[in-house]
Amino acid sequence: MTKRVAFIAGNWKLNLDHQQGIALVQKLAWTLKDAGHDYAGAEVTVFPGFTSLRSIQTLIDADKLDITLGAQDISAFDSGAYTGEVSGLALKKLDVKYALIGHSERRQYHNETDAVVQAKVSASFRHGIVPVICVGETLEELEAEGAAAVPVRQTLAALADHSALGDFVIAYEPVWAIGTGQVATPEQAASVATKIRTAIREAFGDEVADKTRILYGGSVKAANVAGFLRSPEVDGVLVGGASLDAEEFSGIARFQKHLAI
Ligand code: PGA
């Protein structure tokens, strides 16, 4: 079976200008270096805003950092009359490796439907960018359908174009746990991750199911990360608020240290 490298993703959302972003990545890199972080055991990726990507890519390049770069969104289109959009072509030129797609804030505030998410996932595959597909249920959906139904449905809808499947990551983020301090239990996260993986296995077979990383997100902190990553079904975390603090985020990246306790 393929070994899945843990994935520690920091989603900065609408925070930090490019100078603050550079300072944060520098501090993060030093902190992880001092702690002897093993990047082969836990990949660390930051998702800055678009205006910071170029500066942070330059820093990563110049200082030969092992931190990888992601974008918070990607256009479904490659070029043309789409004012305000950022294409996968342009992102690829900046060595962007991952793109968040279908974050609940985009689904909620920008009317991103499953069809839009699917088109963006296809654009990602077209440009060799790995989509980090965000799925999760609202509190109302949790009460009506239980935890797994919506995330499983959203996962399969995002991957509906089977013809051009590349590597992808799924981030399970219960909407009621994002930025609220209300965390899912490790058992809830593991149970939903298992159901998502089963659905991927049924749709795409063992190889895809075994290599796909499934993350948990929603109020993750250094103090609670180990609980989630103890389950073999949860392969990493998508972190919002706590990724803006270098010490805290590096504490999350070094979750293996907490596991030993
Ligand atoms: P949070 O955000 O860690 O601040 O809850 C997670 C996310 O939205 O990706």
Side-chain angles (χ1 to χ4, degrees), residues 6-16 20-21 24-25 28 42-50 52-53 67-74 96-112 117 120-121 124 129-139 141-142 147 150-151 154-155 158 168-186 188-190 192-193 196 213-229 234-255 258:
F7 190 57
I8 309 298
N11 172 15
W12 295 359
K13 308 193 180 184
L14 182 52
N15 295 294
L16 310 182
Q20 294 167 318
L24 176 58
V25 172
L28 180 63
E43 181 175 3
V44 179
T45 305
V46 291
F47 292 78
F50 286 123
S52 301
L53 286 175
I67 293 169
T68 44
L69 194 55
Q72 292 180 21
D73 189 22
I74 181 172
V96 164
K97 203 168 160 198
Y98 299 96
L100 288 183
I101 299 181
H103 190 281
S104 64
E105 287 149 15
R106 298 215 52 95
R107 291 181 193 259
Q108 189 182 344
Y109 306 134
H110 300 273
N111 297 320
E112 289 200 4
V117 170
K120 291 183 171 185
V121 169
S124 240
I129 292 172
V130 177
V132 178
I133 304 165
C134 304
V135 299
E137 78 290 356
T138 62
L139 200 52
E141 289 165 338
L142 176 70
V150 170
Q154 288 175 338
T155 299
F168 59 91
V169 175
I170 303 291
Y172 167 54
E173 300 202 297
V175 179
W176 48 269
I178 296 177
T180 58
Q182 213 183 322
V183 202
T185 65
Q188 281 170 319
V192 176
I196 292 172
R213 291 180 290 182
I214 301 180
L215 321 179
Y216 168 76
S219 298
V220 172
K221 301 193 167 30
N224 63 20
V225 64
F228 295 109
L229 292 174
V234 179
D235 306 304
V237 283
L238 179 54
V239 186
S243 72
L244 298 173
D245 180 319
E247 293 279 341
E248 183 69 18
F249 191 53
S250 67
I252 293 172
R254 288 182 293 121
F255 69 94
H258 313 288

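Note that ligands are numbered from 1 as they come in the structure, with each ligand's atoms numbered from 1 the same way. Only a predicted model underlies this, so the values are computations on that prediction, with no experimental measurement involved.
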- Item | Gln154 side chain reached by Val117 side chain, heavy atoms, under 4.5 Å | no
- Item | Atoms in ligand 1 flagged as close to His103, the criterion being non-hydrogen separation under 4.0 Å | 7 (C), 8 (O), 9 (O)
- CD on Gln20 to OG on Ser52, rounded to 0.5 Å: 8.5 Å
- Please examine the side chains of Phe47 and Val132, heavy atoms only from C-beta on, and report whether any two atoms are closer than 4.5 Å. yes
- Message: Need the ligand 1 atom indices (1-based, order shown) with element for anything under 4.0 Å from a heavy-atom of Gly179.
- Response: 1 (P), 4 (O), 5 (O)
- Specify the protein heavy atom at minimum distance from atom 4 (O) of ligand 1: its residue, its atom name, and the distance to 0.1 Å. Gly241 N, 2.9 Å
- Query: Which heavy atom of the protein is the closest neighbour of atom 7 (C) of ligand 1, given with residue, atom name and distance?
  - Reply: Glu173 OE2, 3.1 Å
- Decide whether an N or O pair under 3.5 Å exists between Thr180 and ligand 1. no
- Message: Does ligand 1 come near enough to Gly218 that some N or O of the ligand is less than 3.5 Å from an N or O of the residue?
- Response: no
- Task: Would you check the N or O atoms of Gly240, main chain and side chain alike, for any that come under 3.5 Å of an N or O of ligand 1?
- Result: yes
- Item | For Asn11, the ligand 1 atoms whose distance to one of its heavy atoms is below 4.0 Å | 9 (O)
- Query: Under a 4.5 Å cut-off applied to non-hydrogen side-chain atoms, are Thr45 and Lys97 in contact?
  - Reply: no
- So, does Gly217 sit close enough to ligand 1 that a heavy atom of it is under 4.0 Å from the ligand? no
- Item | Val121 and Phe168, any side-chain heavy atoms less than 4.5 Å apart | no
- Item | Numbered atoms of ligand 1 (with element) below 4.0 Å of Leu238, judged on heavy atoms | 9 (O)
- Is the closest N or O pair between Ile178 and ligand 1 shorter than 3.5 Å? no
- Message: So Ser124 and Val130, do their side chains get closer than 4.5 Å, heavy atoms only?
- Response: no
- Query: Can you find a heavy atom in the side chain of Phe228 that is under 4.5 Å from one in the side chain of Gln188?
  - Reply: no
- With a 4.5 Å heavy-atom cut-off, do His103 and Ile178 have their side chains touching? yes
